[in-house]
Amino acid sequence: MLLGEYDVAVIGGGHAGCEAALAAARLGLKTVMFSISLDAIGNLPCNPSIGGTAKGHLVREVDALGGEMGKAADATFIQSKMLNRGKGPAVHSLRAQIDRKRYHMEMKRRVENQENLIIKQAEITDIRVENGAVTEVVTQTGASYKTRAAIIATGTYLKGKILIGDYSKESGPDGMFPANALSENLRKLGIELRRFKTGTPARIHADTIDFSKTETEYGDDKIVPFSFETKETGENLVACHLIYTNEETHRIITDNLKRSAMYGGYAEGTGPRYCPSIEDKVVKFADKPRHQLFIEPMGLDTKEMYIQGFSTSLPEDVQIAMYRSIPAMEHAEFMRSAYAIEYDCCDPTQLLATLEFKTISGLYGAGQFNGTSGYEEAAAQGLIAGINAALKLKGEEPLTLKRSDGYIGTLIDDLITKGTNEPYRMMTSRSEYRLLLRQDNADERLTPMGRRVGLISDERWEEFQEKLRMIDAEIARVSSVNVPPSLANPVLLENGSAGVKTGIKLADMIKRPELSYEKTAAADPERPVLPDAVCEEAEIKLKYDGYIKRQVAQAEQFKKMEEKTLPDDVDYGEIHGLRLEARQKLNKIRPKSLGQASRISGVSPSDMSVLIIWLESRKR
C-alpha cells in the first residue's frame, strides 16, 4: 500500500522531530513527519519550562544555527529568568516558564505552515533497508512511504511503560499510545537498544494550595529572549513558588520505599542521575533535612500546577500522604498522579558525528532515542540530524560540530564517543571551553555555520554582520577614550574602586572587577545608544580577554589532534602494543581522529602513544 514518496521521513513529532523536519524542509527536501498523535506535537510532557543551566545555551545555539525552539519559547513564555547572574558569564543561563498548551499550538502551527513539510498522524512500525540504505517506512495500518532518509525521534514512546508503585501499563507520556512494534524491527536491522527510565511529578489544583505558606519567585524585570531574532520580548505574567520537604515527608517516603516501582523491583530501566526521583534524593542524601520544590504554573488557562523536584514512582496513596505533609499542600487535590516511564533507546556509540548510523546509510537518531534527557538536548540533536540528512541527499558536506564549537558539539561527541549508561543531561561542567561557549556569543560561533548550510536568511545575516561591527566598534572606542580624573574618580570611588591621579582608559575602568560597562556610564558622556546584546558582548570580551585568549589557544591545540584522522578500515586488533580493552573499544567506536580516540573510555594515555607512533609509521 504505497501512499507516497519523500526525501526525508521523520519519526516522531516532539522537540527533536520538529527541529529535524523543519530543517530538512527548509533546505529544500520533500519531508514528512509522523506523530502518533498530532495533539502531541511539541508537547512538554514533564516540566513546562525551556532552558536552564547549560540548557539555555543549547536553545541559543539551536537558534543561532537556524532552529525553531527559541522563537516558539519567546512567543509562549509566561515567566523568564536569567540563572546564575551572581557567577561569571560562562554559566549565565536563560530559563523560561512556558504555557504548555500555547507552546504545542505554536509549534504545531509552525510545522503545519512550513513549505515542503507534510504532517501525518500515524505510528511507524517498520523501517525498510535495501543494500545497507533506507528505502521505506511503514505505518501500523500497512501504509508504505518511500524515503531516502529516516530520522528516528521517538522520545519516550518506544515500548513506553508507565509505572506507579506496582501498577504498570504500556503507554507513552501523558496517556498517549506507545510505539510497541518499531523496537523489534530496529533490532532486526542490527541496532542495539537499551532501556532507560525517567519520571514526572504530580499536577496539583492551584485552588488547593496555600500560597501564603510559600516563598514567591518572580521573573526578571528585564526580559532577555532566547532567539537572536526576537525583537518584542513580552513580559512576565505569573510567579512561581518555592516550598520544602520536611522530616515527615521523608519518613513517609522511607516507610514506603518497597512500594516504589524503582526500589520495589518493578522498574527495569536506568533512571537519570541529575534529575532523580524524590525517593532517590531521600535515600542518597539521607543527611539532608529538606529538599526544595518549586510550584510552577502549567499555563495561563489551567489550574494545573507542576511541582518541580517531586517526581516519584510511589503508589498514589503514598503520593497523596507525602504531598500533604508539606504545609502549603495540606489540602492538595491531585489532577494527575506522578509516574515513572520506561522506554527503549539506542546505544549512541553506533552513530557518526552527523547522527547517522554507521551501518545503515540514511538512518539517523535524535533526541531521547539517543539516550539523552531534556527538551533542549532533543531539539539540538533533531536540528543536526535534519540538517545532515538534507545535506547528504543534496551531495553536500555534512555539518559536524567540534567540542570547541558549542555545547551541541560537546553533547554529540560525548554520546558517540563515550556513550551513556543513563539518560544524558547537558551541564556546563561537561565542556572544557565554557568561557568560549557562552550563550551570549552563540550567534557569533554558529550563525556562519547556519548560513553555510542554508538556514540563515539574507536579512538575518545582514543584521548579524551589523551586530559584529557594532561590538568591534564599541570595543575600539572604549579602548581609545581617556577619562580624566574629574569624571573617573566619582565613579571609581562610588563603586569601591581606587581613584586615579591621571587619566584612565575607559576600557581599563570597565575591566576592574567592581565595575561594569553600565556602571561607567557617568564617566562616558559620549557613549552611543547601543542594543543590550552589543553592550553585553563588548563588556565580556574586554573583561575576560586574557582568559578567552587562553581558551582559544587550548582549542587550537585540540584542533590539531582532531585533524589527525584515523583510517576507516583499520583493524585495531592488529596494532601491536594496544591493550585488549583499547582494541575492543576502538573497533566498536571506530573514531575518526586521534582526538576522538583519546576521549574513549578505556583508551589510556599509553594506548594513545601506541596509536600516534602507529599512525606516523603508517604515513612514512
Judged by modelled atom types alone, do H57 and T428 share a side-chain donor-acceptor pair under 3.5 Å?
no

Ignoring hydrogens and geometry beyond distance, is a side-chain donor-acceptor pair present between S604 and D607 at under 3.5 Å?
yes

Under a plain distance cut-off of 3.5 Å, with no hydrogens placed, do Y364 and N388 share a side-chain donor-acceptor pair?
no

Minimum heavy-atom separation for A385 and G365, please, with both atom names.
CB-O, 4.2 Å

Which label fits F285 and H291: parallel for a plane angle under 30°, tilted from 30 to 60°, or perpendicular past 60°?
perpendicular

Test item: side-chain donor near acceptor, R95 and S49, under 3.5 Å
yes

Taking everything shown except D220 itself, do over 12 heavy atoms lie less than 6.0 Å from its CG?
yes

Look up atom CZ in F464 and atom CZ in R451, then write down how far apart they are to the nearest 0.5 Å.
11.0 Å

Using only atom types and a distance under 3.5 Å, with no angle test, would you say the side chain of R403 pairs donor to acceptor with the backbone of G409?
no

Would you say K358 has more than 12 foreign heavy atoms packed within less than 6.0 Å of its NZ?
yes

Indicate the atoms forming the closest heavy-atom contact of P485 with P490, along with that distance.
O-CD, 3.8 Å

More than 12 heavy atoms of other groups within 6.0 Å of K560 NZ
no

Dump the intermediate steps for side-chain contact (heavy atoms from CB on, under 4.5 Å) on E537 and E474, then the final yes or no.
CA-CA 10 Å; E537 185 98 5; E474 184 61 1; over 6 Å; no

Crowding at CD, E518 (>12 non-hydrogen neighbours, <6.0 Å):
no

Are there over 12 heavy-atom neighbours, none belonging to D571, within less than 6.0 Å of that residue's CG?
yes

Given 3.5 Å as the limit, does a donor-acceptor pair link the side chain of S598 with the main chain of G595, or not?
yes

Looking only at side-chain N and O atoms, does T417 offer a donor or acceptor that is under 3.5 Å from a partner on Q596?
yes

Can you tell me if R579 has over 12 outside heavy atoms packed within less than 6.0 Å of its CZ?
yes

Ignoring hydrogens and angles, state whether a donor on the side chain of T372 or N370 is under 3.5 Å from an acceptor on the partner side chain.
no

What are the two closest heavy atoms between L578 and R583, and how far apart are they?
O-NE, 3.0 Å

Got a sec: does the NZ of K505 have more than 12 other heavy atoms crowding it under 6.0 Å?
yes

For E229 versus D63, what's the shortest heavy-atom pair and its separation?
N-OD2, 4.4 Å

Using a 4.5 Å cut-off on heavy atoms from C-beta on, say whether the side chain of V491 contacts that of L515.
yes

N/O donor-acceptor pair under 3.5 Å between N489 side chain and V500 backbone
yes

